[in-house]
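Below, each value reflects all heavy atoms present in this structure, side chains not excepted, and no hydrogens, waters or symmetry copies. Whatever order the structure lists ligands and atoms in, that order sets their numbers, starting from 1.
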Amino acid sequence: MDFDYDLIVIGAGSGGVRAARMAATYGAKVAIVEEFRVGGTCVIRGCVPKKLYVYAARFRDQFDIAQSFGWHVDASFDWPTLVAAKEKEITRLEHAYASNLEKPGVEIIRDRAEVTGPNGVRLVRDGRELSAKYILVATGARPFVPDIPGAELGITSNEAFDLPRLPHSILIEGGGYIAVEFATIFAGLGVNTTIIYRGDCILRGFDEDMRRGLEAGLTERGVRIIYQTTIKSLAKTGDDVTATFSDGVSAPYGVVMFATGRRPNIDGLGLESAGVKLTEHGSVAVDEYSQTSVPSIYAVGDVTGRAQLTPVAIREGWYFAETVFNDNPLKVDHSLIPTAVFAEPEIGTVGLTEAEAATHGDVDVYVSRFRPMQNTLSDRTERMIMKLITEKDEGKVLGVHLLGPGAAEMIQLVGVAVSMGATKVDLDRTIALHPSAAEELVTFKSPSYSYRDCKRV
Ligand code: NDP
């Protein structure tokens, strides 16, 4: 049977773009359909602008300690300058992504797509019906907003980058990556910042020392954290939004932002009518090769709910193209994914947390807490935390958790050793680089404490 294309990709984000480019490189006739901007969440309103804004926010700490090195800084901040500079950069990246697609011959179709069957796609605005041997769903996820009265008065990370002006105060609901990263950004830029979280400590699922360390770091930077509370309703009060909490307290804020998780983008895609099965969480159900319950339809990235991280979507897109268009079946290994939280202080983590490792067998835990060298001339007392978790008696490294300057960069590199199965002995054999924070990882002498039979000793 003849098809218009070998592959139609729906969604030009990280996973879709990689899959389309690779498939075209292998000789496939490929179209990619995108209703918004090429680049997806990561480039347009996620990782990239977020990190740029984190850099902007971090100048506050730098200006603070600069004085201890003899500098006198008289600083002020201009929000429109940052927003315009960010826009220029993401537009540059958007063009680079589009040209990287066009070079191997991918056709970019600016429209919204709907799946009409195992090989059919309808362009919603244009009305055209297209056919393809394979369809790849790479539509990502969108912010979830709790269903409360006045929810429409709040914003999400989608709007936070382009606020017309910097608010005098912000209330951020949630305790995950986005809540703590945006709290870092707004507090660093001088906004009175409050996090409200339904749990009892931010970053559920992370190592306990990282959670407590970040909580202390955010608090030290003026972020107020309210636990075991949710927003029950929002109402407009003049230019402000008044939030009423689950404990009955009300307070006005310049902006209220929901960072309460993200949901797969499947509405109106026609997946279920095409026979594509979903998981109980509403993600597209896929096997290890990203194939859905309809053999000609695959899905990668956030829409599959496996790990909502850009590099994972990219890898899934690449391996899909290898499997389907290069006769080289590859499965993505979703274990041992290094991840960073670009908060202040920063977190880098790979492998098991202490609580997880303790239930896996006998383990040793090495922990070091020290003032980062750049702070030692100032009166800042904040500690860097470096934690290494190994199988007992200098065995395999099971987890590394870092909090402080450079944690993300360090974890990417130590992640190589961890994924190669490095042991404590391998780390010890490595000569330290002095003076650095990373040298702590190769100079631990004896365990700080251990777990034997699941008990801390
Ligand atoms: P997360 O899942 O990390 O956090 C969502 C937070 O919202 C949790 O604290 C959750 O509480 C809370 N929450 C969920 N539902 C409700 C509700 N109905 N009422 C009140 N609170 C609620 O999602 P994020 O939105 O922070 O980020 C989405 C994903 O994007 C992340 O999981 C991550 O994979 C990715 N991301 C990665 C980044 C990075 O790599 N640096 C940066 C930003 C995002 P509870 O803990 O109790 O479930």
Are the side chain of Thr323 and the backbone of Ala321 linked by a donor-acceptor contact shorter than 3.5 Å?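 No; zero donor-acceptor contacts below 3.5 Å.
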So, the side chain of Asp207 versus the backbone of Glu354: is there a donor-acceptor pair under 3.5 Å, distance only?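 Looks like yes, one N/O pair under 3.5 Å.
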Considering only heavy atoms, does Ile202 approach ligand 1 within less than 4.0 Å through its side chain, its backbone, both, or neither?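 No part of Ile202 comes within reach of ligand 1.
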Classify the contact between Arg204 and ligand 1 as side chain, backbone, both or neither, using a heavy-atom distance cut-off of under 4.0 Å.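 Within the 4.0 Å criterion, Arg204 contacts ligand 1 through side-chain atoms alone.
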Between [options], flag the one that comes closest to [atom] by a heavy atom.
{"atom": "atom 45 (P) of ligand 1", "options": "Tyr197, Phe144, Phe182", "answer": "Tyr197"}
{"atom": "atom 4 (O) of ligand 1", "options": "Cys42, Gly46, Pro143, Gly176", "answer": "Gly176"}
{"atom": "atom 41 (N) of ligand 1", "options": "Pro338, Ala340, Pro146, Pro311", "answer": "Ala340"}
{"atom": "atom 21 (N) of ligand 1", "options": "Ile337, Asp147, Ile231, Thr260", "answer": "Thr260"}

Can you confirm whether the side chains of [X] and [Y] place a donor and an acceptor under 3.5 Å from each other?
{"X": "Arg306", "Y": "Ser290", "result": "yes"}
{"X": "Glu208", "Y": "His401", "result": "no"}
{"X": "Ser368", "Y": "Glu440", "result": "yes"}
{"X": "Tyr97", "Y": "Glu34", "result": "no"}

Tell me, please: is Gly199 in heavy-atom contact with ligand 1, that is, under 4.0 Å?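 False for this residue.
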Counting only heavy atoms from other residues, nucleotides and ligands, does the tally under 6.0 Å from CZ of Arg204 exceed 12?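 It does not: Arg204 CZ has 12 such atoms or fewer within range.
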Could you tell me whether Phe59 atom CZ has more than 12 heavy atoms of other residues or ligands within 6.0 Å of it?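 At most 12 heavy atoms, drawn from other residues, nucleotides or ligands, come within 6.0 Å of this atom.
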Nearest-contact summary for [atom] - protein heavy atom, Å:
{"atom": "atom 26 (O) of ligand 1", "value": "Ile178 N, 2.9 Å"}
{"atom": "atom 10 (C) of ligand 1", "value": "Arg198 NH2, 3.9 Å"}
{"atom": "atom 42 (C) of ligand 1", "value": "Glu181 OE1, 3.1 Å"}
{"atom": "atom 2 (O) of ligand 1", "value": "Gly261 CA, 4.3 Å"}
{"atom": "atom 39 (C) of ligand 1", "value": "Tyr177 CD2, 3.3 Å"}
{"atom": "atom 6 (C) of ligand 1", "value": "Ala259 O, 3.6 Å"}
{"atom": "atom 35 (C) of ligand 1", "value": "Gln308 O, 3.2 Å"}

Can you tell me how far the OG atom of Ser246 sits from the CD1 atom of Ile226, to the nearest 0.5 Å?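 If we round to the nearest 0.5 Å, Ser246:OG and Ile226:CD1 are 9.5 Å apart.
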Which ligand 1 atoms, with their elements, are less than 4.0 angstrom from a heavy-atom of [X]?
{"X": "Gly175", "value": "6 (C), 8 (C), 9 (O)"}
{"X": "Lys50", "value": "41 (N), 42 (C)"}
{"X": "Glu173", "value": "20 (C)"}
{"X": "Leu309", "value": "34 (O), 37 (C), 40 (O)"}

Using the six-membered ring of Phe36, assess whether NZ or CZ of Arg45 lies under 6.0 Å from its centre and within 45 degrees of the ring axis.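 Yes, a cation-pi geometry holds between Arg45 and Phe36.
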Show which side-chain atoms of residues 405-419 pair as donor or acceptor with protein atoms under 3.5 Å away, not counting sequence neighbours.
| unit_1 | atom_1 | unit_2 | atom_2 | d |
| --- | --- | --- | --- | --- |
| Ser419 | OG | Gly415 | O | 3.3 |
| Ser419 | OG | Val416 | O | 3.0 |

